[in-house]
*Asks:* 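For reference, the structure I am asking about is given below.
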There are 2 protein chains.
Amino acid sequence: MPDHTRPPDKRVTIYDVANEADVSPSTVSRAFSRPSRVNSETAERVRQVAERLGYRTSPLARTLSTSRTHMIALVIADITNPVYAEIVRGAQEAATDGEYTTVLIDAQESDRLERVAIERTMSTVDGIVLASSRMSDSAIRMFAKQRPVVVLNRAIADVPCVVTDNPRGVRRAVEHLGELGHDHITYVAGPEASWPNGIRWRSLLEAGMELEIKVRQIGPFSPTIAGGERAAEELCARPATAVLAFNDQMAIGLIRGLGQRGVDIPGDVSIVGFDNIVAADIVTPGLTTVAAPLYAEGSAATRHLLTMIEGAPGHTGRPMVLPVRLVVRHSTAARNPSPGRARSPWVRQRPAPSPAPHLW
Amino acid sequence: MPDHTRPPDKRVTIYDVANEADVSPSTVSRAFSRPSRVNSETAERVRQVAERLGYRTSPLARTLSTSRTHMIALVIADITNPVYAEIVRGAQEAATDGEYTTVLIDAQESDRLERVAIERTMSTVDGIVLASSRMSDSAIRMFAKQRPVVVLNRAIADVPCVVTDNPRGVRRAVEHLGELGHDHITYVAGPEASWPNGIRWRSLLEAGMELEIKVRQIGPFSPTIAGGERAAEELCARPATAVLAFNDQMAIGLIRGLGQRGVDIPGDVSIVGFDNIVAADIVTPGLTTVAAPLYAEGSAATRHLLTMIEGAPGHTGRPMVLPVRLVVRHSTAARNPSPGRARSPWVRQRPAPSPAPHLW
DNA sequence: GACGCGACGGCAATGGGTTGCCATGTATTG
DNA sequence: CAATACATGGCAACCCATTGCCGTCGCGTC
């Protein structure tokens, strides 16, 4: 007789194992979830039987009684933005290490979409990482009341946060531009709902003050390549020699938009971005940018979330801040002495070439 | 007396509602999940009471009795590859429309990681979309036996598949290169475990046969920019005038790698990629590439999966094939008549510049 | 008036672990 | 040797909604 396993249409439960191993179901349960609570020999026997029967613990059933789903939600502002790829990786890794599964939510830059998606998912997850949330502080706090929440790239009182050192990043960028002779920097703003956008601008104000460099802001624009291209248009109306863009995608849009209008980069304008996405190394000229430890952001935030889920207080004091560094490439150069065209640095204005073929 | 809701530490269940509305729990349950099965007035009353008490149906408990989690897994080969962004979006949208939640799994180009992640998650989801799986056919079939599975970018007998029209895409690329005077095309291969890699090569063989263009293959290389750069090295040893790369990332790596070695693109070599990722429009020169309807891929696969979950047979006949188109940019040009340097088209070989600053 | 049928709603089992509490037996301590 | 402590394992309640099955009741029909 080959094997007398039970009818294959029925899944194996702790009761089956219990019968077979001659113990009670609770012992089987404990053998897996709290081995210390049961005699090691018994535990071993149970494990053997379970193995033989092909028993797999049902996470769903476990969930019902423990009300832990062992899932966390990772909410990102825009999956199309490559910055998030590494963040997601970092988060996944940390989650997997902790035996948690990650549900990814793409908010598509919409605070409404973000909110409804979270509402829909919240009851199914043990905690939430909000990466670059576009929601209001109060909305976030409301969620934080119902589930452990860690916020990434944003500082909110009373909610645990992980941020990068924006002030320092801006400072380094400004110093760099200052050393190149620029005495005026234009900030190309991203979404108003974006916290980094605000702090970058404020940091720029401050750094400008200290280093005696004038600053101004244009925007807001959408934090995409297209947004950067639109910013390029506007920039033409109010030329600048040095630009700090909210992020790399906008910076790349600027490079393209300005390039199409015959503006030389970095000859006429120096451009600095944020994030150091892969494409920053691909554009011509290579983009000088403030790099953040993306992977570390994702994993730090997630690890912190997991400790909160396990019951830790979730220290809400100062946000955890991660270091940044300036990556210098070729989109920044010494300020053009602009011989004789002080008022309007960009005199030549060749017609834009036919628009590039476009995406689906 | 302000309000006499039950102690706030306890969540509201159907039993609470049942008590309050003076019906049995089953009626409450039915009032929500099968309104037709209960008197409309009763249903309305129940709904009112539920509303007043702030009752929220617990998806977890529902899951246990229906054994439907209303979640699906979306497995992608590499979240770092921008192609997947749109696929994920399409899938999310379709899933959300069907009231399903998506669990994203990044396989990091590893078939082992892919398998263990799926094993870990399988019992928690109602179905799986496998986008560009790196697993073996048999592994996939095994999963398909346990849960509904739809495979994207790959054709496997007996498993529902969604693919893009690779043969046609390759054909168009070859025609394009042929028209430009190229009579020899080098295919730069991606991962051997990648199904599109295989079919693209076979399609190239076929198209070359018909159009009397010689073809050869080098590789495999990793399907990344770095992989393309390595391919560039190897390509230097065996020069070509026209290259078809497995995907855009490799094509971009080729452009950079060859460029650093002084090879002119498209003057000396024409390059065609696959996928039409955003960066294809950003490199210099713009990359000619075969574009696929990524969003549609994701949503089609997911919608099909959902119908299977709802009990549909999951037609496993021919795979569903989505159209592609060739996007011509500036990385392809008429074949250089190569005056006097027929044997070795790339004579000038300037020293590579210092390596670009690198990522974190 | 007897019978049949459909609408409505309740009972109780089900899904599969988890865990507080108690009982038993063995080991340690004074 | 009595008394207390600890290690083990079982009992049964619990998590919360779903659903097959049955009873009741009102209405229409022959």
Side-chain angles (χ1 to χ4, degrees), chain A residues 6-7 9-47 49-50 53-71 99 122-126 310-311, chain B residues 6-7 9-47 49-50 53-71 99 122-126 310-311:
Chain A
R6 63 219 71 268
D9 55 312
K10 198 103 180 60
R11 66 170 296 154
V12 191
T13 75
I14 43 170
Y15 298 94
D16 302 319
V17 178
N19 274 336
E20 197 75 9
D22 241 343
V23 292
S24 84
S26 28
T27 305
V28 178
S29 171
R30 285 194 272 255
F32 288 106
S33 53
R34 289 232 270 289
S36 68
R37 191 62 185 61
V38 55
N39 184 304
S40 57
E41 283 172 29
T42 316
E44 182 51 29
R45 181 158 47 90
V46 168
R47 250 176 270 123
V49 174
L53 262 45
Y55 165 76
R56 318 248 47 187
T57 158
S58 153
L60 276 43
R62 189 208 297 289
T63 278
L64 190 55
S65 42
T66 58
S67 54
R68 285 284 170 77
T69 61
H70 269 243
M71 292 201 261
E99 311 257 82
M122 194 170 30
S123 63
T124 311
V125 298
D126 294 340
E310 308 296 352
Chain B
R6 62 218 71 271
D9 54 311
K10 196 108 178 57
R11 68 169 295 154
V12 189
T13 75
I14 44 170
Y15 298 95
D16 302 318
V17 178
N19 274 336
E20 196 75 8
D22 239 343
V23 291
S24 85
S26 26
T27 303
V28 177
S29 171
R30 284 194 274 254
F32 289 107
S33 52
R34 289 231 269 289
S36 67
R37 191 60 184 65
V38 52
N39 183 304
S40 57
E41 282 171 31
T42 315
E44 182 51 28
R45 182 159 46 92
V46 167
R47 249 174 273 126
V49 173
L53 262 46
Y55 165 75
R56 315 250 46 186
T57 161
S58 152
L60 276 45
R62 187 207 300 288
T63 277
L64 189 53
S65 40
T66 59
S67 53
R68 284 284 170 74
T69 60
H70 268 242
M71 291 202 259
E99 310 257 80
M122 195 170 29
S123 62
T124 311
V125 298
D126 294 339
E310 307 296 350

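Just the heavy atoms: all of them, side chains too, but no hydrogens, waters or symmetry mates, feed the values below.
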*Asks:* Suppose we screen for side chain to side chain donor-acceptor pair (under 3.5 Å). Which residues come up paired with B/Thr124, at least two apart in sequence or across chains?
*Replies:* none
*Asks:* Distances under 3.5 Å only, N/O to N/O: pair up the protein atoms with those of nucleotides 6-11 of chain C.
*Replies:*
residue, atom, partner, partner atom, Å
C/dG9, OP1, B/Thr42, OG1, 2.5
C/dG9, OP2, B/Asn39, N, 2.9
C/dG9, N7, B/Arg37, NH1, 3.1
C/dG9, O6, B/Arg37, NH2, 2.5
C/dG10, OP2, B/Ser24, N, 2.7
C/dG10, OP2, B/Ser24, OG, 3.0
C/dG10, OP2, B/Thr27, OG1, 2.4
C/dG10, N7, B/Arg30, NH2, 2.8
C/dG10, O6, B/Arg30, NH1, 3.3
C/dG10, O6, B/Arg30, NH2, 2.8
C/dC11, N4, B/Ser26, OG, 3.1

*Asks:* What is the separation between atom CZ on B/Phe32 and atom C1' on D/dC16, rounded to the nearest whole Å?
*Replies:* 14 Å
*Asks:* How many angstroms lie between CG in A/Leu64 and OG in B/Ser58, if you round to the nearest 0.5 Å?
*Replies:* 6.5 Å
*Asks:* In whole Å, what is the span from the CD atom of A/Glu41 to the C1' atom of D/dG9?
*Replies:* 14 Å
*Asks:* Mind checking what makes side chain to side chain donor-acceptor pair (under 3.5 Å) contact with B/Ser123, not counting sequence neighbours?
*Replies:* none
*Asks:* Check the distance between C/dT14's C1' and B/Leu60's CG and give it to me in whole angstrom.
*Replies:* 17 Å
*Asks:* Could you go over nucleotides 25-28 of chain C and give all protein N or O partners under 3.5 Å, atom names and distances?
*Replies:*
none

*Asks:* Grab the CG-C1' distance between B/Leu64 and C/dG16 for me, whole Å please.
*Replies:* 6 Å
*Asks:* Excluding sequence neighbours, so at least two apart, what forms side chain to side chain donor-acceptor pair (under 3.5 Å) with B/Thr63?
*Replies:* none
*Asks:* Contact class for A/Ser29 (heavy atom, under 4.0 Å): base, sugar-phosphate, or nothing?
*Replies:* base
*Asks:* Which pairs pass salt bridge (Lys or Arg N to Asp or Glu O under 4.0 Å) with one or both residues in residues 24-44 of chain A, sequence neighbours excluded?
*Replies:* A/Glu44-A/Arg47
*Asks:* For B/Arg34 and A/Ser65, find the nucleotide of DNA chain D closest to each by heavy atoms; which residue's nucleotide sits nearer the 5' end?
*Replies:* A/Ser65
*Asks:* For residues B/Met71 and A/Met71, determine if any side-chain heavy atom of one lies less than 4.5 Å from a side-chain heavy atom of the other.
*Replies:* yes
*Asks:* Just wondering, do B/Phe32 and B/Val46 contact through their side chains at under 4.5 Å, heavy atoms?
*Replies:* yes
*Asks:* Take the protein atom CG of A/Asn19 and the nucleotide atom C1' of C/dG17, then report the distance between them rounded to whole Å.
*Replies:* 15 Å
*Asks:* Rounded to the nearest 0.5 Å, how far apart are CG of B/Leu53 and OG1 of B/Thr13?
*Replies:* 9.5 Å
*Asks:* Look at the side chain of A/Arg11 and the backbone N and O of A/Arg56, then say whether any donor-acceptor pair between them is shorter than 3.5 Å.
*Replies:* yes
*Asks:* Check whether the side chain of A/Tyr15 and the base of C/dG17 form a donor-acceptor pair under 3.5 Å.
*Replies:* yes
*Asks:* Students often get this wrong, so: under 4.0 angstrom with heavy atoms, is A/Arg56 touching a base, only sugar-phosphate, or nothing?
*Replies:* sugar-phosphate
